[in-house]
Amino acid sequence: MWYVSTRGVAPRVNFEGALFSGYAPDGGLFMPEELPQLDRETLCQWSTLSYPGLVKELCALFIGSELLPKDELNDLIDRAFSRFRHREVVHLSRLRNGLNVLELWHGVTYAFKDLSLSCTAQFLQYFLEKREKHVTVVVGTSGDTGSAAIESVQGAKNMDIIVLLPKGHCTKIQELQMTTVLKQNVHVFGVEGNSDELDEPIKTVFADVAFVKKHNLMSLNSINWSRVLVQMAHHFFAYFQCTPSLDTHPLPLVEVVVPTGAAGNLAAGYIAQKIGLPIRLVVAVNRNDIIHRTVQQGDFSLSEAVKSTLASAMDIQVPYNMERVFWLLSGSDSQVTRALMEQFERTQSVNLPKELHSKWERQDYEKMAVMECDGCCVELCLGNCGPRRGSMTDIPGTAMVRGGG
């Protein structure tokens with residue numbers, strides 16, 4: 001499978017190229033050139049799989065056996081999940097009235113990002129050993145990404161990791177997780193500013209192709225396609241756990257609530273929906289509400305300042321994975337996506353074109369308490385997910401899927 005930049009200028013790459021690149025050389029994000037389509041038979045076969053089993057099938061679908069043979073891929077994923085505390089890796093807790101919570105916190109750092117980063121680190125090790133290469137990983141964090149990234153690569157002989165920690169903007173536990181690791185390949189720096197502000201120099205560095213190549217730099221933020229790929233499994237697992245039967249026509253619809261900051265888990269859910277998973281995505285945000293304003297009003301613009309909340313990992317005003325969502329909404333139109341994102345980078349404000357914004361089949365949203373008392377819940381009826389049938393509890397299952405980035 002080939003991957004192309006959302007901005008359409010950079011040459012296409014295979015999975016290995018997308019894995020090591022992070023940002024594409026033109027500033028865009030890598031996406032599959034073509035999305036596969038899953039039929040009912042495949043969904044039925046996958047419905048009995050464990051969470052690791054779903055990760056294996058999805059990765060095989062998007063990586064290709066010519067690059068990473070299936071048996072080796074399976075071994076890497078088993079190794080990635082070997083340190084998780086729950087025997088199922090993730091677990092669905094069933095509450096009342098069809099509401100469920102998908103527990104994604106059984107990894108070493110208690111963050112959902114342990115899931116995707118543990119797999120991504122295994123993929124990196126595989127290709128680095130094969131190519132006899134060394135890379136330096138650069139990570140900007142709002143909290144959970146940094147600690148999960150450090151945990152996934154600490155002690156690796158062919159990787160160094162540099163983490164930029166925004167001083168005063170992470171929880172104490174996350175700060176300690178990052179600053180108490182004594183492995184020689186781990187380098188953590190406290191920096192002034194919030195996570196959005198430290199993302200800007202990182203992006204500038206990665207735009208310098210010669211510098212990146214000279215120093216073998218890469219990123220493990222959720223700009224990395226591998227992370228989005230693994231996170232797709234959250235949505236498939238939630239769907240199959242919430243659906244009593246796949247014998248109905250059409251397939252039952254499941255509503256998935258995704259708390260989000262950088263929109264990585266949102267992008268994963270939207271791609272899962274585009275390849276055939278019948279889910280409706282509901283995005284929960286805190287007071288940093290750029291995604292809410294984008295969906296409701298087409299207003300993709302920064303507020304005056306990042307607002308500090310109890311959910312510090314969601315205190316983000318630049319949800320960079322929205323670029324992937326825009327690219328998909330536009331029908332993979334890289335010219336439209338490039339114009340939008342370049343204008344946003346110049347002016348920090350974009351009004352989505354009417355023809356693009358109208359593709360969001362918006363429903364009324366309701367105020368919800370999500371991490372902050374003035375949080376919002378924004379419904380994204382993306383794609384052909386059918387008409388809404390009554391209340392949330394009329395849908396076979398609602399899964400709350402934790403996803404800050």
K167 and E192: side chain to side chain contact (heavy atoms under 4.5 Å, CB included), yes or no, with the steps? CA-CA 6 Å; K167 291 191 290 187; E192 301 295 337; 3.0 Å; yes
Report yes or no: does H357 contribute a side-chain atom to a donor-acceptor pair with the main-chain N or O of V295 at less than 3.5 Å? yes
Side-chain contact, heavy-atom cut-off 4.5 Å: F326 with V350? no
Residues D160 and T136: side-chain donor-acceptor under 3.5 angstrom: no
Are the side chain of N158 and the backbone of L128 linked by a donor-acceptor contact shorter than 3.5 Å? no
Determine which pairs satisfy ring pair (Phe, Tyr, Trp, His ring centres under 6.0 Å) with at least one residue from residues 17-40, sequence neighbours left out, and list them in order. none
Quick check: are there more than 12 heavy atoms from other residues, nucleotides or ligands sitting under 6.0 Å from OH of Y126? yes
Give the ring-plane orientation class for H215 versus F211, where under 30° counts as parallel, over 60° as perpendicular and anything between as tilted. tilted
Side-chain donor/acceptor of Q317 to backbone N/O of A305, under 3.5 Å: yes
According to side chain to side chain contact (heavy atoms under 4.5 Å, CB included), who are the partners of S50, at least two apart in sequence or on a separate chain? P52
When rounded to the nearest 0.5 angstrom, what is the spacing between CZ in F237 and OG in S47? 12.0 Å
Between C242 and N100, which heavy-atom pair has the shortest distance, and what is it? SG-ND2, 3.4 Å
Closest non-hydrogen contact found for M159 with L124 is SD-CD1, 3.8 Å
Where the side chain of R293 meets the backbone of F300, is there a donor-acceptor pair that is under 3.5 Å apart? no
Interatomic distance, CG@L61 vs CH2@W46, rounded to 0.5 Å, equals 5.0 Å
Between N224 and S226 (side chain of the first, backbone of the second, donor and acceptor by atom type, cut-off under 3.5 Å), is there such a pair? yes
Nearest non-hydrogen partners of S5 and G28, listed with the distance: OG-CA, 3.6 Å
With a 6.0 Å cut-off (strictly less than), is the heavy-atom count around CD1 of I173, excluding the residue itself, greater than 12? no
Between E323 and T6, a side-chain donor and acceptor under 3.5 Å: yes
Which value, rounded to the nearest 0.5 Å, describes the distance between D114 atom CG and F112 atom CZ? 10.0 Å
Working note: L356 + L340, criterion side chain to side chain contact (heavy atoms under 4.5 Å, CB included); need CA distance, chi angles, decisive distance, verdict. CA-CA 11 Å; L356 185 63; L340 279 174; 3.5 Å; yes
N351: what forms a side chain to side chain contact (heavy atoms under 4.5 Å, CB included) with it, not counting sequence neighbours? D299
K70 bridged to E57 by N-O distance under 4.0 Å: yes
Heavy-atom closest pair (L73 atom, A60 atom, distance to 0.1 Å) is CD2-N, 3.6 Å
E66 atom CD, neighbour heavy-atom count above 12 within 6.0 Å: yes
How long is the span from the CG atom in L281 to the NE2 atom in H235, to the nearest 0.5 Å? 6.5 Å
NZ/K354: more than 12 non-hydrogen atoms of other groups inside 6.0 Å: no
State whether R7 and E345 are salt-bridged, where the test is any N-O pair (Lys NZ or Arg NE/NH1/NH2 against Asp/Glu carboxylate O) under 4.0 Å. yes
Just how far is it from atom OG1 of T109 to atom CD of Q174, taken to the nearest 0.5 Å? 8.0 Å
Could you tell me which non-hydrogen atom of S116 sits nearest to which non-hydrogen atom of R227, and how far apart they are? OG-NE, 3.5 Å
So which of F15, Y3, F123 actually passes ring-ring contact (aromatic ring centres under 6.0 Å, His included) with W225? Y3
Does atom CD of Q45 have more than 12 heavy-atom neighbours from other groups under 6.0 Å away? yes
Counting only N and O atoms by type, is there a donor-acceptor contact under 3.5 Å from the side chain of D26 to the main-chain atoms of A10? yes
Ignoring hydrogens and angles, tell me if any N or O in the side chain of R324 forms a donor-acceptor pair with the backbone of G264 under 3.5 Å. no
With the side chain counted from C-beta on, respond yes when T141 and M178 share a heavy-atom pair under 4.5 Å apart, and no when they do not. yes
Which pair of non-hydrogen atoms, one from D78 and one from K56, has the smallest distance, and what is that distance? OD1-NZ, 2.9 Å
Check this for me: R40, atom CZ, are more than 12 non-hydrogen atoms of other residues, nucleotides or ligands nearer than 6.0 Å? yes
Judged by atom type as modelled, is there a donor-acceptor pair below 3.5 Å linking the side chain of S82 to the main-chain atoms of R79? yes
